[in-house]
2 protein chains.
Amino acid sequence: MSVSVREVAATAGVSVGTVSNVLNRPDKVSPSTVERVQAAISQLGFVRNDAARQLRAGRSRSIGLVVLDVANPFFTDVARGAEDRAAEDGLTVLLGNSDENPGRQSAYLDLFEEQRVHGVLISPLGDVGDRLSRLRARGTPTVLVDREIADRSFSSVAVDDVAGGYLAVSHLAAIGRTRIAFVGGPHSIRQVVDRLEGARKAVAEHPGVVLETIDTDSLSVLQGRSVGEQLLARPAGERPDAVFAANDLLAMGVLQALNMLGDVRVPRDIALIGYDDIAFASAAVVPLSSIRQPSALIGYTAVDLLMREAEGGEDFEHEQIQFQPELIIRESTAG
Amino acid sequence: MSVSVREVAATAGVSVGTVSNVLNRPDKVSPSTVERVQAAISQLGFVRNDAARQLRAGRSRSIGLVVLDVANPFFTDVARGAEDRAAEDGLTVLLGNSDENPGRQSAYLDLFEEQRVHGVLISPLGDVGDRLSRLRARGTPTVLVDREIADRSFSSVAVDDVAGGYLAVSHLAAIGRTRIAFVGGPHSIRQVVDRLEGARKAVAEHPGVVLETIDTDSLSVLQGRSVGEQLLARPAGERPDAVFAANDLLAMGVLQALNMLGDVRVPRDIALIGYDDIAFASAAVVPLSSIRQPSALIGYTAVDLLMREAEGGEDFEHEQIQFQPELIIRESTAG
DNA sequence: TCGCAGAATTAAAACGATTCAACGCCCGCT
DNA sequence: AGCGGGCGTTGAATCGTTTTAATTCTGCGA
């Protein structure tokens, strides 16, 4: 069926070892032989069997990336950055989407483990510390993306989410808003918790400003829309005058819902700020203020760290890299 | 380093064959043995080596999907549909992003071929017919996504893009626009060509309506923005009064650019319609009219077709499935 | 008691690429 | 002529799982 290195060797009149050398270290083989083998390869249409290669090598040539939501442009940007860095070392990125679901997250970790991936990048959900420790004990370096773990036993690349939350709410307070709602969830996602913490910190510094929290089941446009509808249903006096959404998807959902009814206007009645600064944020009905994260850089750096950890071996000093978020002001929080 | 079935067999006091049976056909093994082996497995922390498995099996348990742009929500939706269907058969989807770049497309096909994937789904770029024929000759079923190939030698799942283009431009004509610009490119992407053809067809049926085409290098927000700026730079009299963009990303870019300047309003001065109806389209500055495609269903159906073709073997009758697009009218083409 | 079907288990042969120690060869040097 | 040292090449062993044919074991009917 499929042609193997053995057949290539036969038609080229050399041994299998030589074929392998042509494939992997052509400089160790005489030019004339290289040519003969190449000819046999293209004549037979030989294609390397990656499984056999990996079996022998003991490791695959890819790294696994588990994200919370592929539909979120923030994560596709991270993935792109990761791919770029991986490509520099001839590695491939396997993208797994946990969809904020612990079962799927676990399934992808199993898969990556069976595949003997070079390393794992994960934006974790819930408590997977033990699972990841085991993985690492088996020799698979692991880097946390967009989240730090308290005990510093893992390398990580993150953005200071507390600072981000603080930036957002300070800004809302600065433009004179006093009844602020934080929209986000679930609380098993660390980013949500941290951004909320930052929000609380900012509120504490501004007397007279109160913070309400509205929980959601996920960080999607749909969930945002339902929160928006919920806000509309309230009597006007009980509505917040500003909303800080845990990510842009939620914020855009809220915006869509609020825009349905003419009597609530953004930003006049409710100022709105999101998080991530995805490309679509600036194109929203009302261009969305947001907290920008260097998404592609996060992915790039994470893989970089992973490679360093892979080389460093056992006694590698785990490194926590943290970027600072940036406030982007647009129309949705004007005035 | 890593524990193998051999060690599991040793500690459980059975042969490797039995361990394999416990893993794959537990019903063929006596309950007491199953239990003993399971115990050994978890005690040693054994994890199957997928490479060895694949080597033996001759095929991997995943299917490859090559899309034109992962940043385009349309394709992530397709991917999600494909994943869902693949999961039903215990398969994984490997997502490759060609980024509208023939080199990358080719690299992913190579990769998938080396991995001996179960099948390939591809939204092709340029002329890859030969390449795909070779792939299929090697026993890898292939299904084209979002594009039909003229000679019907491949199975495909697509949406009638000519009809979509026709719908869009007929709608623009119906609301009284007469100077229509088609924005899209490159022409190596079939969807672009077909949508333009549909547009031409519609124009032909409406005397007095003229069509101008503006080429782009890719179907991204950035390209759209530069087209928008280009339009703004023209004297008012030479601007089109409607724009049909080959996808929503482009359309949103155009919209962003037009919105910068107060004197051109959408839809008053320029009506705008996109294609794909991505989730963000309805949340745009001016909610975007678009042509909706059943994206997740496309992915789902494509994998389904792939599985059928894989079973059917050599003499499988290639099937071309075509869905019909749907016109979604929003504010960007009101009045 | 013997034989035998059927179930449970085993041992060995794949799968295909890589690696490494060993080997042959040619050349230059003494 | 003899010797040593590279270079190119070889062949066999190896990675870890699955599969098959062969083997042992069990109980049951004749």
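All values derive from a computational prediction rather than experimental measurement. In what follows, every chain begins at residue 1, and chains take the letters A, B, ... in the order their sequences are listed.
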Task: Length of the line joining Glu113(B):CD and dG16(C):C1', which is rounded to integer Å - done: 16 Å

Task: OP1 or OP2 of dT18(D) under 4.0 Å from side-chain N/O of Arg53(B) - done: yes

- [ ] Look at the side-chain N and O atoms of Ser30(B) and state whether any lies under 4.0 Å from the OP1 or OP2 oxygen of dT9(C).
- [x] yes

Task: Option among Glu319(A), Glu309(A), Gln320(A), Glu317(A) that satisfies the side chain to side chain donor-acceptor pair (under 3.5 Å) test with Ser155(A) - done: Glu309(A)

- [ ] Output yes when at least one side-chain N/O atom of Asn24(B) is less than 4.0 Å from OP1 or OP2 of dT18(D), else no.
- [x] yes

Task: side-chain hydrogen bond (donor to acceptor under 3.5 Å, both in side chains) between Gln54(A) and Ser60(A), intermediate numbers included - done: CA-CA 5 Å; Gln54(A) 282 184 33; Ser60(A) 89; 4.5 Å; no

Task: Gap between atom CD of Gln105(B) and atom CG of Asn97(B) - 0.5 Å precision - done: 11.0 Å

- [ ] Let me know the distance between NZ of Lys28(B) and P of dG6(C), rounded to the nearest Å.
- [x] 13 Å

Open item on the list: So Ser123(B) and Gln191(B), do their side chains get closer than 4.5 Å, heavy atoms only?
Closed with: yes

Open item on the list: Nearest 0.5 angstrom please: Thr76(A) OG1 to Asn72(B) CG, how far?
Closed with: 10.5 Å

TODO: Classify the nucleic acid contact of Val19(A) as base, sugar-phosphate or nothing, counting any heavy atom under 4.0 Å across all strands shown.
DONE: nothing

Open item on the list: Measuring from the side chain of Leu55(A) (C-beta onward, heavy atoms only), which nucleotide among dT17(D), dG16(D), dT10(C) has the closest atom?
Closed with: dG16(D)

- [ ] Scan Gly17(B) against the nucleic acid and name what it touches under 4.0 Å (heavy atoms): base, sugar-phosphate only, or nothing.
- [x] base

TODO: Please round to the nearest 0.5 Å and tell me the distance separating atom CD of Gln115(B) and atom CD1 of Ile63(B).
DONE: 13.5 Å

Open item on the list: Heavy-atom nearest nucleotide on DNA chain D for Val47(B) versus Thr33(A): which residue maps closer to 5'?
Closed with: Thr33(A)

Open item on the list: Applying a 4.0 Å non-hydrogen cut-off, can you work out what Thr18(A) is touching in the nucleic acid: base, sugar-phosphate, or nothing?
Closed with: base

Open item on the list: On the nucleotide dT19(D), are OP1 or OP2 found under 4.0 Å from the side-chain N or O atoms that Arg25(B) carries?
Closed with: yes

Task: Between OG1 on residue Thr140(A) and CG on residue Leu135(A), distance to nearest 0.5 Å - done: 4.5 Å

Task: Distance test, side-chain N/O of Ser20(A) to OP1/OP2 of dT18(C), below 4.0 Å - done: yes

Open item on the list: When you measure from the side-chain N and O atoms of Arg6(B) to the phosphate of dC15(D), is any distance below 4.0 Å, counting only OP1 and OP2?
Closed with: no

- [ ] Give one of base, sugar-phosphate or nothing for Asp50(A), where a contact means two heavy atoms less than 4.0 Å apart.
- [x] nothing

Task: Spacing of Asp27(B) atom CG relative to dG6(C) atom P, expressed in whole Å - done: 18 Å

Open item on the list: Quick check: any donor-acceptor pair below 3.5 Å linking the side-chain of Arg56(B) to the base of dT17(D)?
Closed with: no

Open item on the list: What is the distance, to the nearest angstrom, from the CG atom on Leu23(B) to the C1' atom on dT17(D)?
Closed with: 9 Å

Task: Those residues that, when tested against Arg61(B), pass side chain to side chain contact (heavy atoms under 4.5 Å, CB included) (two or more places apart) - done: Asp50(B), Arg53(B), Leu91(B)

Task: Of Ala52(B) and Gly13(B), the one whose closest DNA chain C nucleotide lies more 5' - done: Gly13(B)

Open item on the list: Measure CD/Gln54(B) against P/dC15(C) and give the value in whole Å, please.
Closed with: 17 Å

Task: Length of the CZ-C1' vector between Arg116(B) and dC15(C), whole Å - done: 11 Å

TODO: Using a cut-off of strictly less than 4.0 Å, decide whether Ser15(B) has a side-chain nitrogen or oxygen near OP1 or OP2 of dA11(C).
DONE: no

Task: Five-pair end axes of the helix from dT1(C)-dA30(D) to dT30(C)-dA1(D), angle between them (10°) - done: 60°

Task: Separation of dA11(C) P from Asn21(B) CG (nearest whole Å) - done: 14 Å

- [ ] Starting at atom CG of Asn49(A), determine the distance to atom P of dT18(C), rounded to an integer number of angstrom.
- [x] 10 Å

